[in-house]
Q: 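Mind looking over this structure? Questions follow.
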Protein chains: 2
Amino acid sequence: MNIVILGGGGVVGQKLAQNLCARGHFKGKSITRITLADIVMPPATAGCDTMICDITNPASVAAAIPAGTDVIYLLAAIVSAHAEAEFEAGMQINLQGTMAVLERARALGTKPTLVFSSSIAVFGGEAPNPITDHVVLNPQTSYGTQKAIGEMLVQDYARKGFIDGRAFRLPTISMRPGKPNRAASSFMSSILREPLNGQEAICPVGPEFPHFYLSPRMCAENLVRGAEVAEEKLGQNRAMIMPGRIWTIQQLIDAMTAVAGPGPAKLIRWESQPEIERIVMGWRWDIRAGKSLELGLEADESFQDNIRYYLEDDLPRA
Amino acid sequence: MNIVILGGGGVVGQKLAQNLCARGHFKGKSITRITLADIVMPPATAGCDTMICDITNPASVAAAIPAGTDVIYLLAAIVSAHAEAEFEAGMQINLQGTMAVLERARALGTKPTLVFSSSIAVFGGEAPNPITDHVVLNPQTSYGTQKAIGEMLVQDYARKGFIDGRAFRLPTISMRPGKPNRAASSFMSSILREPLNGQEAICPVGPEFPHFYLSPRMCAENLVRGAEVAEEKLGQNRAMIMPGRIWTIQQLIDAMTAVAGPGPAKLIRWESQPEIERIVMGWRWDIRAGKSLELGLEADESFQDNIRYYLEDDLPRA
């Protein structure tokens, strides 16, 4: 199996690469090549090739997805607050870029498996609670709109038989290693990560703020399982919510305290950030995965697991 | 008010132009100009300018939507069976064309009103009945996918304040004047229109086949009312089902017989057309408009009205 991960330099792409390398096989066949491609050169990763790919450039996309590619993970995107601040960049990268990747996958003529990372940011507005796989997409950000459109395209390319497409709406991934990014959800990792590293972090929402989370480790596992599901089990809608769990900010902090003691929580500063609040208050949290659970994807057991995964997987590297 | 109708040569565009000319005012101001633009020159229409516009060509779009345009109706599209047979043409016209129009509207910098004609073809697949404004879009055609994406873009451009956008999911419009077209729904008019004109027509589905209908006259009226709704009443989702009514093929025929006597129904030949059946069987019919009814849009009272509108509005011209 020849696997390409677009967005392979990101947190989820890196975890996915590690997961794939560790298992060595995929859909019952041995993995012959894993390529991590990203807009900047991904970090050297044992067992993987790395390359630069600009998904808005069809020639660059064709170079990253050569003939013989079996599986394409399309994780590359600019994040929510970035796409909100720079409308044209979001349309170019998150929409035209996705279209370029789909066109390349179609041009292969070999019906590759394509896994698209959508987001719970596709939900919002007037849709009634709870949010399920059958609820209208009413995104309240350009990022969410671009992800919703990507889902629609993956679905139609799959229906036409050009690809074996699947789209998973990722919960907010926490806790993420690395540095804060321009995602409006960035604080949902940094209020844990920075204190665990002995640094202050700002929380722009109150402790009761609820949200829908998944750990990076389980997200990578779900992306593998989601790709391995037999196509005939996918039904007429290839886009679905990836499992997650609902926690409040206070529950996140309590989990950190349970695992790492009372010190880190004291490093959180509670400080309003109106632009971030405006975006995240428009997000939905009363979300129930359905089809993906039936297909064998899973949520974390507890947020303490999410904290432990960070300490096991990421802290040693930091 | 300076109004541009893209797709102004089509049945709905023509009815809309007649409606606007007859009322002479729009949003409380007098109409100064109505331009009908289409890929082939629209028929000369009293009170309207006509021009050719290729929505896939940004320069052509800019010429059709000059500075000072107050209202843009985006009705131009290739229809369902056409977009299904020619994937690239559908993507180019229905998706890239819509994007070109939206970009031109944004470039005006004056927040024009933009009314997008979506379709009930956005619904399908796994969504549970009944279909409402809050149900997930799961189109089973490329046409439906492209319309769904158009809605998403209209919504986001409106949310960003680039346009005052509204998208209405049109029921199947029947009965349409003119000739059969490549819409899979074409027979839903031709089994009435051709017999009323003394000609045979083929019905590819059985008499119990249910569907969701609106007359061209009421559709045009709804497109005007829908544009005139104050923006602050639109809420967080600018895309909604246009009112319609559910009828079976037999009810259509009974209405024709009630209005025009028993002769026309004898000219219908019942004959299977597998490709058309495959498409229309994937369409949803248990559809309930919600927000649009609250905003003052309406369905026809009975299908006999639809027949009478054709006899009053269209038969004399044929």
Side-chain angles (χ1 to χ4, degrees), chain A residues 83-88 90-92 94-96 98-99 102-103 106-107 122-129 131-162 169 234-241 282 290-291, chain B residues 83-88 90-92 94-96 98-99 102-103 106-107 122-129 131-162 169 234-241 282 290-291:
Chain A
E84 201 60 21
E86 297 178 37
F87 179 76
E88 289 174 9
M91 290 291 282
Q92 193 62 29
N94 294 352
L95 180 49
Q96 299 284 3
T98 295
M99 292 169 73
L102 286 167
E103 275 300 282
R106 181 166 83 100
V122 298
F123 296 115
E126 295 170 17
N129 280 323
I131 299 289
T132 71
D133 289 330
H134 296 141
V135 167
V136 69
L137 310 190
N138 190 191
Q140 298 300 310
T141 57
S142 294
Y143 172 81
T145 301
Q146 292 144 10
K147 287 294 186 186
I149 294 172
E151 288 186 10
M152 295 273 173
L153 291 170
V154 166
Q155 167 70 16
D156 202 49
Y157 274 66
R159 192 188 57 79
K160 295 287 282 186
F162 303 144
R169 298 171 187 140
L234 289 172
Q236 288 180 294
N237 195 340
R238 307 296 193 101
M240 64 196 82
I241 300 163
K291 188 191 273 191
Chain B
E84 201 60 21
E86 297 178 37
F87 179 76
E88 288 174 10
M91 290 291 282
Q92 192 63 28
N94 295 351
L95 180 48
Q96 298 284 4
T98 294
M99 291 169 73
L102 285 168
E103 274 300 283
R106 180 166 84 101
V122 298
F123 295 115
E126 296 171 16
N129 280 322
I131 299 289
T132 71
D133 289 330
H134 296 142
V135 167
V136 69
L137 310 189
N138 189 192
Q140 298 300 310
T141 57
S142 294
Y143 172 81
T145 301
Q146 292 144 11
K147 288 294 186 186
I149 293 172
E151 287 186 10
M152 295 273 173
L153 291 170
V154 166
Q155 166 70 18
D156 202 49
Y157 275 65
R159 191 188 58 78
K160 295 287 282 186
F162 303 144
R169 297 170 188 142
L234 289 173
Q236 288 180 293
N237 194 340
R238 308 296 193 101
M240 63 196 84
I241 300 162
K291 188 190 272 191

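Note that these values count all heavy atoms, side chains included, but never hydrogens, waters or copies made by symmetry. Chain letters run A, B, ... following the sequence lines, proteins first and then strands; every chain starts at 1.
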Q: Measure distances from Gln155(A) to the heavy atoms of chain B and classify the residue's part below 4.5 Å as side chain, backbone, both or neither.
A: side chain
Q: Heavy-atom pairs under 4.5 Å with chain A - which of Gly124(B), Pro128(B), Ala127(B), Ala239(B) has more of them than the others?
A: Pro128(B)
Q: Any chance you could lay out the side chain to side chain contact (heavy atoms under 4.5 Å, CB included) test for Val135(B) and Val136(A), step after step, and finish with the verdict?
A: CA-CA 5 Å; Val135(B) 167; Val136(A) 69; 5.8 Å; no
Q: Does the side chain to side chain donor-acceptor pair (under 3.5 Å) test come out yes or no for Arg159(B) and Thr141(A), once each step is laid out?
A: CA-CA 8 Å; Arg159(B) 191 188 58 78; Thr141(A) 57; 5.7 Å; no
Q: Quick one: which residues of residues 143-151 of chain A reach chain B at under 4.5 angstrom, heavy atoms only?
A: Thr145(A), Ala148(A), Ile149(A)
Q: Rounded to the nearest 0.5 Å, what separates atom OG in Ser142(B) from atom CE in Met152(A)?
A: 13.0 Å
Q: Going from CZ on Arg106(B) to CE on Met91(A), what distance comes out if it is rounded to the nearest 0.5 angstrom?
A: 8.0 Å
Q: Between NE2 of His134(B) and CD of Glu126(A), what distance do you get to the nearest 0.5 Å?
A: 5.5 Å
Q: Look at the side chain of Lys160(A) and the backbone N and O of Glu84(B), then say whether any donor-acceptor pair between them is shorter than 3.5 Å.
A: yes
Q: Within a 6.0 Å radius of atom CD on Gln236(A), are there more than 12 heavy atoms belonging to other residues, nucleotides or ligands?
A: yes
